2 protein chains.
Amino acid sequence: MSGAEDAELDTVLGKAVAILRAFGADDRLLPLAELVRRTGLPKGTVHRVAGDLVHHRLLDKTEHGYRLAGGLFELGMRAATERTLLEVAMPFLQDLYERTHETVHLGLREGTEVVYVAKIGGHRQARSPSRTGGRMPMHCTAIGKALLAHAEPDVRAAALSGPLPRRTPHTVVAPGLLEQQLDRVRATGLAYEREESTVGLLCVAAPVLDVGTGAVLAALSVTGPVGRFRPEVHENAVRATAAAIAGMLTRRPGAVSAPPS
Amino acid sequence: MSGAEDAELDTVLGKAVAILRAFGADDRLLPLAELVRRTGLPKGTVHRVAGDLVHHRLLDKTEHGYRLAGGLFELGMRAATERTLLEVAMPFLQDLYERTHETVHLGLREGTEVVYVAKIGGHRQARSPSRTGGRMPMHCTAIGKALLAHAEPDVRAAALSGPLPRRTPHTVVAPGLLEQQLDRVRATGLAYEREESTVGLLCVAAPVLDVGTGAVLAALSVTGPVGRFRPEVHENAVRATAAAIAGMLTRRPGAVSAPPS
DNA sequence: CGACAGCGTACCGGTGAGTGGAACGCGGGC
DNA sequence: GCCCGCGTTCCACTCACCGGTACGCTGTCG
């Protein structure tokens, strides 16, 4: 949106990726003209490349426009890190959900943001903006803080030095204050969010740390609405789940984090 | 694997897709040489294209080879049909799992196979070969039969006329017999699998039918091991869950099926 | 220890795949 | 009936892509 948007458009691959990435998290169907607008590519080019993408089952063409196709879903589910994490963690997240009956998240760091790998919730789940495969800033989410607190120093520095957009009146936008919170996270093994990303939502999160090296692999959280939801109640459950997943992960080969971007 | 494998390799995009698709469901890390072998592309070319893919965050490069990157996961989770289905169905699948504590699947038809969109299971889940984002033949799975029974005639004909590989001694490989089973599926609203894809596994499935048109949108199943698991016990739960999801889907715009391939 | 085989990387001149401007037909809205 | 925006098609230019060749490295044989 606001950042540097310029995936090289002078190569076929760049154009193809640009078209695929033109789909935002909430877009289902985009007409050709909209793709032209978003990518800045000439109409003829978009038409041709999109056609090729349809051919390769990465896009579907409908009467009213294009949409991301099932082939992408299949490929995406093969992504190494995410898949391993999902397969290992799911049963534990499942247990956690069953015990709490509140929305459960699993996320990892990608560049300077959180990417959610799983979201488990029931019918009455709190109105949260997160989606599986979606992104959120780190400074205003419990999972983000858990990841950030245990991230390598350069990553933490990079994230703290960037802008910390205010998403609600409660968002912590002062780097110093945030750093204090991160200290507490390291000390207690738990991170909190109190209406910092979305008004009306509370979260507790715990990091999943590599048993050997202590590096953060991921983080998970329980989320609920202000009012009935008391984060403190779930502290132990969250911590235990994270520990259990960490234990399982060490018994598997490679689940790593990403380059600093 | 065995089928026609020749995504056009005379275009950059084709090569890129070929490289991405070279990753099988069980591959984490593939060295350059292996990609060369699987794609049949010249070494220099694979090196270059893979490099570009890394640049676009569709591949990660590690010391020991390439692997599918997080960017793909993010894109995949935006795929329209799958995402809608997931978001709508998840809470219901959740309930179903909680009631049964057996492995729950949600799948849809893609071409002439089943693609699993969700798989929910606990620690003691039956050793099933299915994976989220993975494929299975339709003739030997409960979900597949549920989808096939309600598929459009041409699709059904295409699937039945193709080879019906025998996966276990119990696999139904006679088109006539299979067709009889499909009749029963339509009559009862339930499909069964009894060790037809994997020895030791039983399944009940129900189709999710569009309330208006009656078209199949997806199907879901409960799976368990021979012995303790009695599929009949879950008939009502499975049917009710499918109906509930169907009801929810009609209150949303577009969740459709795919072209016949 | 030298020879060798397999791998990843780097280079570079030729060429055809890809390019995108221009033009067309269609619908539907003022 | 006019116009605007959309999707589609066409085609001659050209530059991005190609892939053969060559290099350096790391094992592992004989």
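These values consider heavy atoms only, across backbone and side chains, with no hydrogens, waters or symmetry-generated copies. These numbers were taken from a predicted model, which means no experiment stands behind them. Per chain, numbering begins at 1; letters A, B, ... match sequence-line order.
Over its full length, the helix from C:dC1-D:dG30 to C:dG29-D:dC2 turns its helical axis through 30°, comparing axes from the five pairs at each end and rounding to 10°.
For B:Arg156, there are no side-chain hydrogen bond (donor to acceptor under 3.5 Å, both in side chains) partners at least two apart in sequence or on another chain. For the side-chain hydrogen bond (donor to acceptor under 3.5 Å, both in side chains) test, no residue two or more places apart in sequence or in another chain qualifies with B:Arg83. Taking A:Ser197 as the reference, A:Glu193 meet the side-chain hydrogen bond (donor to acceptor under 3.5 Å, both in side chains) condition, with sequence neighbours excluded. Partners of B:Ser161 by side chain to side chain contact (heavy atoms under 4.5 Å, CB included), not counting sequence neighbours: none found. With sequence neighbours excluded, the residues satisfying side chain to side chain contact (heavy atoms under 4.5 Å, CB included) with B:Ala151 are B:Val155. Every side-chain hydrogen bond (donor to acceptor under 3.5 Å, both in side chains) that B:Arg186 has, sequence neighbours left out, goes to B:Asp183. For A:Glu34, the salt bridge (Lys or Arg N to Asp or Glu O under 4.0 Å) partners are A:Arg37, A:Arg38, not counting sequence neighbours. In this structure B:His123 satisfies the ring-ring contact (aromatic ring centres under 6.0 Å, His included) test together with A:Phe92, sequence neighbours excluded.
Along DNA chain C, read 5' to 3', the first and last nucleotides having any atom under 4.0 Å from a heavy atom of chain B are C:dC7 to C:dG18.
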Result block: side-chain N/O donor-acceptor pairs under 3.5 angstrom for residues 16-25 of chain B, not counting sequence neighbours:
residue: B:Arg21; atom: NH1; partner: A:His56; partner atom: O; Å: 3.4
residue: B:Arg21; atom: NH2; partner: A:His56; partner atom: O; Å: 3.0

### Message
Within the 4.0 Å limit for protein heavy atoms, which parts of nucleotides 3-21 of chain D are touched? Write it as a string from 5' to 3', B for base, S for sugar-phosphate only, - for none.
### Response
---SBBB------SSBB--
### Intermediate values then yes/no, side-chain contact (heavy atoms from CB on, under 4.5 Å), B:Arg67 and B:Thr62
CA-CA 8 Å; B:Arg67 72 179 167 208; B:Thr62 76; 4.0 Å; yes
